[in-house]
Peer 1: 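Quick one: structure below, then a few questions.
Letters go in sequence order (proteins before strands), and every chain restarts at 1. In what follows, every heavy atom counts, from backbone to side chain, and hydrogens, waters and symmetry copies are set aside.
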Protein chains: 2
Amino acid sequence: MKQSERIGAKIAYIFSHNHRYIERALESYNLKGPMFAFLLTLSHKDGCSQECLARYLKFSKATATRVITTLEKQGYVYREKDEDDRRIYRVFISDEGRGLIPAINSALQEWNDIFLSDLSDEEEQIFRNLLDKTKNTLVEFDRKSSKQMKNNYQISG
Amino acid sequence: MKQSERIGAKIAYIFSHNHRYIERALESYNLKGPMFAFLLTLSHKDGCSQECLARYLKFSKATATRVITTLEKQGYVYREKDEDDRRIYRVFISDEGRGLIPAINSALQEWNDIFLSDLSDEEEQIFRNLLDKTKNTLVEFDRKSSKQMKNNYQISG
DNA sequence: ACCAATTAGTTTTACATGAAACTAATTAAA
DNA sequence: TTTAATTAGTTTCATGTAAAACTAATTGGT
């Protein structure tokens, strides 16, 4: 009975905890909100444009501008105009920025460890697979509905 | 290799999809943001105070005030001052509000169905259990850390 | 009975974010 | 080559939220 209880609520709960935990863990480095995600992305995709970062991390380009401006002021990243296309800023992580990566990774790892602490290795593996599987379902669903979009612009009646 | 990949990112992705989906599904009823959650809670906890709703749903009381004010204007809920304690507003769902519950439930159900569509019944069951288990881990962790708090107020050095 | 502390709710303030409008550079089409 | 469309990035605007300050009511201690 009531087996179909709200999965969304559980996900939301876990999400907000994760968010809060990471936020606190990184506040001493002055990394707020999406800043750590941008840094982390740059640590292995150095030289990305702002637009590319925004798209990859699913933030608006307005937010990307703001986040990167802040990170630049803090000296964690620097920007260079692309030589071939003067619209594009290539964003690079600085040495100082790269110095934060271990701290970011351990904050993420700490949360993972807490979050998964009551699961066996096998359960953890299954859980990861199910998360991947459902995530892919959603990615696929999005792809289909964005295709659908075009056909939906029709006069009603 | 790189087995400890970011679970938080997956959770965040799923969360934002859920959010977006529900938001769209309910916008025609003028239910934005946390409004549906308040209504849903009231549908089985009728007569809750605002503070109780806020605490239960993990929103600030400022947000609770605004959400309930809006819902009241729309006629989906009404408030009555508690007779014994005149600080408290008891919040009740109206007939009109209760009329939205099926729509809310089916929006949630629709998303569940999409989200779980690639899982077998058995996988779904396992997934739900793992979500519950990890959620409880976090609840427990919070309980412990809030206890800890008191001991952390000590002079440094 | 009085005053301090607490509690429920509201208002104010600060901030984060996305959408839309905008600017500048590039590409495509004529 | 000139013009239109597109693209990267910025700025402006509207919105949603929590924290803090505030008000009013209640409770507890003396």
Side-chain angles (χ1 to χ4, degrees), chain A residues 12-13 15-17 19-24 26-27 30-38 41-42 45 47-74 77-92 149, chain B residues 12-13 15-17 19-24 26-27 30-38 41-42 45 47-74 77-92 149:
Chain A
Y13 188 89
F15 169 77
S16 82
H17 267 256
H19 192 264
R20 198 148 36 92
Y21 187 90
I22 303 295
E23 202 74 8
R24 284 179 191 165
L26 298 178
E27 71 184 355
N30 286 314
L31 293 177
K32 287 205 271 187
M35 288 164 67
F36 86 89
F38 278 81
T41 305
L42 285 171
K45 278 186 195 292
C48 251
S49 71
Q50 296 187 189
E51 191 276 336
C52 151
L53 286 165
R55 190 156 28 79
Y56 180 72
L57 292 170
K58 303 257 162 60
F59 283 96
S60 67
K61 48 191 192 153
T63 297
T65 296
R66 281 185 292 257
V67 168
I68 291 163
T69 303
T70 308
L71 287 170
E72 197 178 37
K73 276 184 199 147
Q74 293 172 317
V77 307
Y78 58 97
R79 286 189 277 199
E80 287 176 7
K81 282 264 186 202
D82 186 293
E83 279 305 315
D84 299 334
D85 187 338
R86 308 292 293 170
R87 290 171 304 184
I88 296 176
Y89 273 121
R90 299 278 160 207
V91 188
F92 299 92
M149 278 298 191
Chain B
Y13 187 88
F15 169 77
S16 82
H17 267 256
H19 192 264
R20 198 149 35 93
Y21 187 89
I22 303 294
E23 202 73 6
R24 283 179 190 163
L26 297 178
E27 69 185 357
N30 286 316
L31 294 177
K32 288 205 271 188
M35 287 164 67
F36 85 89
F38 278 82
T41 304
L42 285 171
K45 279 187 197 289
C48 251
S49 71
Q50 296 188 190
E51 192 276 337
C52 150
L53 286 166
R55 191 156 27 82
Y56 180 73
L57 293 169
K58 302 257 158 62
F59 283 98
S60 67
K61 48 190 193 156
T63 297
T65 296
R66 278 184 298 263
V67 168
I68 291 164
T69 303
T70 309
L71 287 169
E72 195 178 40
K73 275 184 198 145
Q74 294 171 319
V77 307
Y78 58 97
R79 284 189 278 198
E80 287 175 7
K81 281 267 188 198
D82 187 293
E83 280 304 316
D84 297 331
D85 186 338
R86 309 292 294 170
R87 290 172 304 182
I88 296 174
Y89 272 120
R90 299 275 160 211
V91 189
F92 298 92
M149 279 296 192

Peer 1: Mind calculating the distance between CD (B:Glu27) and P (D:dG16) to the nearest angstrom?
Peer 2: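 After rounding, the gap between these two atoms is 13 Å.
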Peer 1: Closest to the A:Pro34 side chain: D:dG9, D:dG16, C:dT17?
Peer 2: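 Taking heavy atoms from C-beta onward, the closest nucleotide is C:dT17.
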Peer 1: Can you tell me which residue among B:Ile68, B:Leu31, B:Val91, B:Thr70 is in a side-chain contact (heavy atoms from CB on, under 4.5 Å) with B:Phe38?
Peer 2: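 So, applying the side-chain contact (heavy atoms from CB on, under 4.5 Å) to B:Phe38 and each of B:Ile68, B:Leu31, B:Val91, B:Thr70, only B:Ile68 qualifies.
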Peer 1: Using whole Å, report how far CZ of B:Arg55 lies from C1' of C:dG9.
Peer 2: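 After rounding, the gap between these two atoms is 14 Å.
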Peer 1: Let me know the distance between CZ of A:Arg66 and P of C:dC15, rounded to the nearest Å.
Peer 2: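 It is 14 Å, rounded to the nearest whole Å.
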Peer 1: It should be established whether A:Ser60 places a side-chain nitrogen or oxygen under 4.0 Å from OP1 or OP2 of nucleotide C:dA19.
Peer 2: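 For A:Ser60, the contact criterion (side-chain N or O under 4.0 Å from OP1 or OP2 of C:dA19) is not met.
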Peer 1: At under 4.0 Å, does any side-chain N or O of A:Arg79 touch on OP1 or OP2 of D:dT10?
Peer 2: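 Answer is yes, contact under 4.0 Å.
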Peer 1: Could you state the NE2-C1' distance from A:His19 to C:dA16, rounded to the nearest angstrom?
Peer 2: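 In whole Å, C:dA16 C1' lies 10 Å from A:His19 NE2.
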Peer 1: In this structure, how many angstroms lie between the C1' atom of D:dA18 and the CZ atom of A:Arg20, rounded?
Peer 2: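 Going from A:Arg20 (CZ) to D:dA18 (C1'), I get 13 Å.
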Peer 1: Check this one for me: any side-chain N or O of B:Lys61 less than 4.0 Å away from OP1 or OP2 of D:dA18?
Peer 2: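 No, because none of the side-chain N or O atoms of B:Lys61 sits under 4.0 Å from OP1 or OP2 of D:dA18.
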Peer 1: Tell me, please, whether A:Tyr56 has A:Lys45 positioned over its six-membered ring: NZ or CZ under 6.0 Å from the ring centre and within 45 degrees of its axis?
Peer 2: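 Yes, A:Lys45 sits over the ring of A:Tyr56.
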Peer 1: Kindly point out which of C:dG9, D:dG9, C:dG18 is positioned nearest to the side chain of A:Glu51?
Peer 2: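 Nearest to the side chain of A:Glu51 among the choices is D:dG9.
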Peer 1: Nearest 0.5 Å, what's the CZ-CD1 distance between A:Phe36 and A:Ile22?
Peer 2: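 Here the interatomic distance stands at 5.5 Å.
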Peer 1: By nearest atom, which of the nucleotides C:dG9, D:dG9, D:dT26 is closest to the B:Arg87 side chain?
Peer 2: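 Nearest nucleotide to the side chain: D:dT26.
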Peer 1: Of all the nucleotides listed (D:dA25, C:dA25, D:dG16), which has the minimum atom distance to the side chain of A:Asp85?
Peer 2: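 Nucleotide nearest to A:Asp85's side chain: C:dA25.
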Peer 1: Measure CG/B:Leu57 against P/D:dA18 and give the value in whole Å, please.
Peer 2: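 Spelled out: CG on B:Leu57 to P on D:dA18 is 11 Å.
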Peer 1: From the set C:dA8, D:dA25, D:dA18, return the single nucleotide nearest to any side-chain atom of B:Arg86.
Peer 2: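 So the nucleotide nearest the side chain must be D:dA25.
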Peer 1: Mind calculating the distance between CG (A:Leu71) and P (C:dA16) to the nearest angstrom?
Peer 2: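 Atom CG in A:Leu71 sits about 13 Å away from atom P in C:dA16.
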Peer 1: Under 4.0 angstrom, heavy atoms only, what part of the nucleic acid is A:Asp84 near: base, sugar-phosphate, or nothing?
Peer 2: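 Sugar-phosphate: the residue A:Asp84, judged by heavy atoms under 4.0 Å, touches backbone atoms but no base.
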Peer 1: Which nucleotide in the list D:dT17, D:dA19, C:dG18 gets nearest to the side chain of B:Thr63?
Peer 2: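 The answer is D:dT17.
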Peer 1: Quick one: does A:Arg79's side chain get under 4.5 Å of A:Gln50's, heavy atoms only?
Peer 2: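 Answer yes - side chains close enough.
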Peer 1: Got more than 12 heavy atoms from elsewhere within 6.0 Å of NZ, B:Lys32?
Peer 2: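 No, NZ of B:Lys32 has 12 or fewer neighbouring heavy atoms, counting only those of other groups under 6.0 Å.
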Peer 1: Ignoring backbone atoms, test whether B:Thr65 places a side-chain nitrogen or oxygen under 4.0 Å from the OP1 or OP2 oxygen of C:dT10.
Peer 2: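 Yes, within the criterion.
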Peer 1: Quick one: A:Gln50 CD to D:dT7 C1', roughly how many Å, whole number?
Peer 2: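 The answer, rounded to whole Å, is 13 Å.
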Peer 1: Under 4.0 Å, heavy atoms only, any strand: does B:Ser49 hit a base, just the sugar-phosphate, or nothing?
Peer 2: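 It contacts sugar-phosphate atoms only.
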